[in-house]
Visitor: 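Sharing a structure, written as structure tokens. Questions coming.
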2 protein chains.
Amino acid sequence: MPTAEAIAQSGDRVSNSAVIQRTFSVLEAVAASGCAAAKTVATRLEIPLPTVYRLLNELADSGYLVYLKDTKRFELGPKCFELGLSFQQRLVAPHPIRQITDQLHRSLGTAAYFAIYRGSDIILTYCSDCEKHPRLRPLRFGFHEAAHATAFGKILLAGMPEPQRTDYLEARGMQVLTPQTMISREALDPHLAEVATRGIAWEHEEFLPRQTCAAVPVRNGTGMQVGAMAISTPSSKMVGRAKEVESTLREHAGLASSYLRGGSVTVPVAEHA
Amino acid sequence: MPTAEAIAQSGDRVSNSAVIQRTFSVLEAVAASGCAAAKTVATRLEIPLPTVYRLLNELADSGYLVYLKDTKRFELGPKCFELGLSFQQRLVAPHPIRQITDQLHRSLGTAAYFAIYRGSDIILTYCSDCEKHPRLRPLRFGFHEAAHATAFGKILLAGMPEPQRTDYLEARGMQVLTPQTMISREALDPHLAEVATRGIAWEHEEFLPRQTCAAVPVRNGTGMQVGAMAISTPSSKMVGRAKEVESTLREHAGLASSYLRGGSVTVPVAEHA
DNA sequence: TCCTCATTCTCACCACATGAAAAAGTCGAT
DNA sequence: ATCGACTTTTTCATGTGGTGAGAATGAGGA
């Protein structure tokens, strides 16, 4: 129920269609509970039962839900899975980028990452890791919500025009993740300025304790920063390796940039694990 | 536009709401093209432009789409990804089952699978593989569409009551995948009867050339078949191992069944790769 | 600056979503 | 079988609110 003030605050029009909103709220209610009986949904959303049934059946007919006769519950249907797949297929880093990231992973013996801007979001489009060099657990393919606290987040924030960065940070806030996390613009802004000039972002235990990350920009044909290549590793394994990490990271980011520039296939040197 | 005959043919009521149907058709149009301009969608779906804009904006406001100003295109939004995640989290096999499947994978040196019924679908809820023992490429977490041609599909088909099996097969057809694929009920039904009595399904190059699979049932507390545990391996590696594979498969399926029966945690024996 | 295309607004029309109430299924237990 | 306690669907009068042609506005590009 969008209040008048909510409308005033947010710029977006809330002239929205009731049916569609309700349909999605029903779908999301089912998604949130994993499975839900019609009555439960009706109660939780305060929508009369016949209407809920209409919407649930509509969703089931369209394949977004399925009705399980045995439990008399609705669950998410194939279309939800397909939407997730489409999203993934559209956004996962292209093959050469994945190869370069894999090679970075092997070269440095660290987890490696590739992330991009999309609209006003930051999306992690590829993670390369293994049992010996695991990725940071909270990081996985998908939207990244803690840009202020990760190396690739910071390099991407540093590459944003000021107003957009402010929008970004105000929309998601700056969560405290470790004692080292920078949680004020006063701390972050100068840091990002330095990140921007140096062209590399380091992150020391700001996201997870005892973990260090580094990231450098990846640019497209027009020289615009479009993404970031990053690594993460236990801080203990980083001592004295900063130079090596930086140069290897830059080398691989350069490969990624030239792929994006040329479109021509960059052949990554074969390596042994 | 559902015609009168369409209504007559399919049993499902097509009293559906136009708005909702249109909304999803727009969403799916965007999903299918990866990204789409408003005009493209309007043309393809034959919906007037202002209406398409309303629906696209609605979807964008709800987070199912995002509007990319630079390309003037709509793409799938965060909610689509979340739906996919919810689906996955809800359906992925529980941890003990995954462990048991992993152990089966290691014990036999084959890719290993766990699949279940859900409603009238067959869902592959876990794959365990590695570089040395890769899974069959087309198989991945999610809905399984070629039950007639895989071992776990056949064991699950064999466990269905007759009318449901017919529904299942008629709804999806029986695609020809290899020269060995059984594509008629005349061939399949006796085979499934035998599968049911023996309690194991073998599949020899019916799904992919030069690949062999085997599957056995997994049962819940009431003794009802609820899933299947399966392996796949190159046929060349199978010669003379049928007995060993069968007993190891049964052993692990038994562990899975007793987990489902007891809920108590079955401790899988640690193994070395 | 103009021109073109993308996007939103306006508004009268009436389709169709709505939800209370009642009927029809479904299933388990006695 | 017979009841009872549900889940689910149908009915139907009401008026909300979705609709789309057309016009206006906005955003870039040459």
Side-chain angles (χ1 to χ4, degrees), chain A residues 1-2 7 10-27 29-30 33 35-62 65-75 119-120 161 163-164 222 224, chain B residues 1-2 4 7 10-27 29-30 33 35-62 65-75 119 161 163-164 222 224:
Chain A
M1 49 193 82
I7 297 175
S10 59
D12 35 33
R13 70 207 144 308
V14 193
S15 62
N16 298 344
S17 148
V19 214
I20 300 180
Q21 303 237 88
R22 278 180 157 193
T23 306
F24 283 127
S25 70
V26 166
L27 179 58
V30 174
S33 17
C35 73
K39 203 185 219 172
T40 316
V41 177
T43 310
R44 174 136 48 234
L45 300 178
E46 298 185 350
I47 299 176
L49 248 187
T51 305
V52 167
Y53 270 108
R54 255 199 306 274
L55 298 178
L56 285 169
N57 284 327
E58 196 83 46
L59 286 162
D61 289 347
S62 318
L65 293 179
V66 289
Y67 179 63
L68 302 182
K69 288 163 288 297
D70 39 348
T71 62
K72 304 192 177 198
R73 292 256 151 72
F74 288 83
E75 289 195 13
S120 56
Q164 194 188 335
T222 73
M224 201 168 49
Chain B
M1 52 193 79
I7 297 174
S10 59
D12 35 35
R13 69 206 143 308
V14 194
S15 62
N16 299 344
S17 147
V19 214
I20 300 180
Q21 303 237 85
R22 278 179 158 193
T23 307
F24 284 127
S25 71
V26 166
L27 179 60
V30 175
S33 18
C35 72
K39 203 186 219 172
T40 317
V41 177
T43 310
R44 175 137 44 235
L45 300 178
E46 299 184 349
I47 299 177
L49 247 188
T51 304
V52 166
Y53 270 108
R54 257 199 305 273
L55 297 179
L56 286 169
N57 285 326
E58 196 81 47
L59 286 163
D61 289 348
S62 320
L65 293 179
V66 288
Y67 179 63
L68 302 182
K69 286 164 289 295
D70 40 346
T71 61
K72 305 192 177 198
R73 292 255 152 70
F74 288 84
E75 286 195 12
Q164 192 187 337
T222 73
M224 203 169 42

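First the proteins, then the strands, lettered A, B, ... as listed; each starts at 1.
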Visitor: Closer to the 5' end of DNA chain D via nearest nucleotide, is it A:Arg73 or A:Val19?
Guide: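 Mapping each residue to its closest nucleotide by heavy atoms, the 5'-most match is A:Arg73.
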
Visitor: Rounding to a whole Å, what distance do you find between B:Ile20:CD1 and D:dG18:C1'?
Guide: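 These atoms are roughly 12 Å apart.
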
Visitor: For A:Leu68, what residues pass the side chain to side chain contact (heavy atoms under 4.5 Å, CB included) criterion, not counting sequence neighbours?
Guide: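 By the side chain to side chain contact (heavy atoms under 4.5 Å, CB included) rule, A:Leu68 matches A:Val66, A:Asp70, A:Thr71, A:Glu75, B:Arg118.
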
Visitor: For B:Phe24, give me all partners under ring pair (Phe, Tyr, Trp, His ring centres under 6.0 Å), at least two apart in sequence or on another chain.
Guide: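 Counting only residues at least two positions away or on another chain, B:Phe24 forms a ring pair (Phe, Tyr, Trp, His ring centres under 6.0 Å) with A:Phe24, A:Tyr64.
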
Visitor: Round to the nearest Å and state the distance from A:Gln21 atom CD to C:dA17 atom P.
Guide: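 Distance check: A:Gln21 CD to C:dA17 P gives 16 Å.
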
Visitor: Mind checking if B:Ala18 touches a base, just sugar-phosphate, or nothing, with heavy atoms under 4.0 Å?
Guide: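 The residue B:Ala18 makes sugar-phosphate contact but no base contact.
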
Visitor: Restricting to side chain to side chain contact (heavy atoms under 4.5 Å, CB included), what partner residues turn up for A:Ala37, sequence neighbours left out?
Guide: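 Side chain to side chain contact (heavy atoms under 4.5 Å, CB included) check on A:Ala37 returns A:Thr40, A:Arg73.
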
Visitor: Considering residues at least two apart in sequence or located in another chain, which fulfil the ring pair (Phe, Tyr, Trp, His ring centres under 6.0 Å) criterion with A:Tyr67?
Guide: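 Partners of A:Tyr67 by the ring pair (Phe, Tyr, Trp, His ring centres under 6.0 Å) criterion, ordered by chain and then number, come out as A:Phe74.
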
Visitor: Can you sort out the partners of A:Thr51 under side chain to side chain contact (heavy atoms under 4.5 Å, CB included), two or more places apart, ordered by chain and number?
Guide: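 A:Thr51: side chain to side chain contact (heavy atoms under 4.5 Å, CB included) contacts with A:Arg22, A:Ile47, A:Pro48, A:Arg54, A:Leu55.
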
Visitor: Expressed in angstrom and rounded to an integer, what is the separation of A:Lys72 atom NZ from D:dA5 atom C1'?
Guide: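 My rounded result for the distance is 10 Å.
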
Visitor: Tell me every residue that passes side chain to side chain contact (heavy atoms under 4.5 Å, CB included) with B:Pro161, counting only those two or more places apart in sequence or in another chain.
Guide: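 Once residues adjacent in sequence are excluded, the partners of B:Pro161 under the side chain to side chain contact (heavy atoms under 4.5 Å, CB included) criterion are B:Pro163, B:Gln164.
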
Visitor: Over all heavy atoms of both residues, which pair between A:Leu49 and A:Ala42 is shortest? Give the atoms and the distance, please.
Guide: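 So the two residues come closest at CD2-CB, 4.1 Å.
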
Visitor: Please state how far atom OH in A:Tyr67 lies from atom P in D:dT9, giving the value in whole angstrom units.
Guide: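 It is 7 Å, rounded to the nearest whole Å.
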
Visitor: Could you pull out the protein-nucleic contacts involving nucleotides 19-21 of chain C (nitrogen or oxygen on both sides, under 3.5 Å)?
Guide:
residue : atom : partner : partner atom : Å
C:dG19  : OP1  : A:Arg22 : NH2          : 3.2
C:dG19  : OP2  : A:Arg22 : NH1          : 3.0
C:dG19  : OP2  : A:Thr51 : OG1          : 2.7
C:dG19  : N7   : A:Arg54 : NH2          : 3.0

Visitor: So B:Leu45 and B:Val52, do their side chains get closer than 4.5 Å, heavy atoms only?
Guide: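 Answer no - side chains too far apart.
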
Visitor: Would you say D:dT8 has OP1 or OP2 under 4.0 Å from some side-chain N or O of A:Asn57?
Guide: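 So the side-chain polar atoms of A:Asn57 never come under 4.0 Å of the phosphate oxygens OP1 or OP2 of D:dT8.
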
Visitor: Grab the CG-P distance between A:Asp70 and D:dT8 for me, whole Å please.
Guide: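 Taking CG of A:Asp70 and P of D:dT8, I get 12 Å after rounding.
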
Visitor: To the nearest 10 degrees, what angle separates the axes at the start and end of the helix from C:dT1-D:dA30 to C:dT30-D:dA1, five pairs each?
Guide: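 Here the helix ends are tilted 50° relative to one another.
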
Visitor: For B:Leu55 and D:dG18, what is the distance between atoms CG and P respectively, to the nearest whole Å?
Guide: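 The distance from CG of B:Leu55 to P of D:dG18 comes to 10 Å, rounded to the nearest Å.
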
Visitor: Which pair of non-hydrogen atoms, one from B:Ala36 and one from B:Val41, has the smallest distance, and what is that distance?
Guide: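 Closest approach of B:Ala36 to B:Val41, heavy atoms only: CB-CG2, 3.8 Å.
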
Visitor: Is any side-chain N or O of A:Lys39 closer than 4.0 Å to OP1 or OP2 of D:dT7?
Guide: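 It does, given that an N or O in the side chain of A:Lys39 lies less than 4.0 Å from OP1 or OP2 of D:dT7.
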
Visitor: If the cut-off is 4.0 Å, is B:Tyr53 near the phosphate of C:dT8, judged by side-chain N/O to OP1 or OP2?
Guide: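 So the side-chain polar atoms of B:Tyr53 never come under 4.0 Å of the phosphate oxygens OP1 or OP2 of C:dT8.
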
Visitor: Rounded to whole angstroms, how far apart are CG on A:Leu49 and C1' on C:dG25?
Guide: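 Nearest whole value for this atom pair: 15 Å.
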
Visitor: If I take atom CG in residue B:Leu56 and atom P in nucleotide C:dA6, what distance separates them, rounded to the nearest angstrom?
Guide: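 So the two atoms are 14 Å apart, to the nearest Å.
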
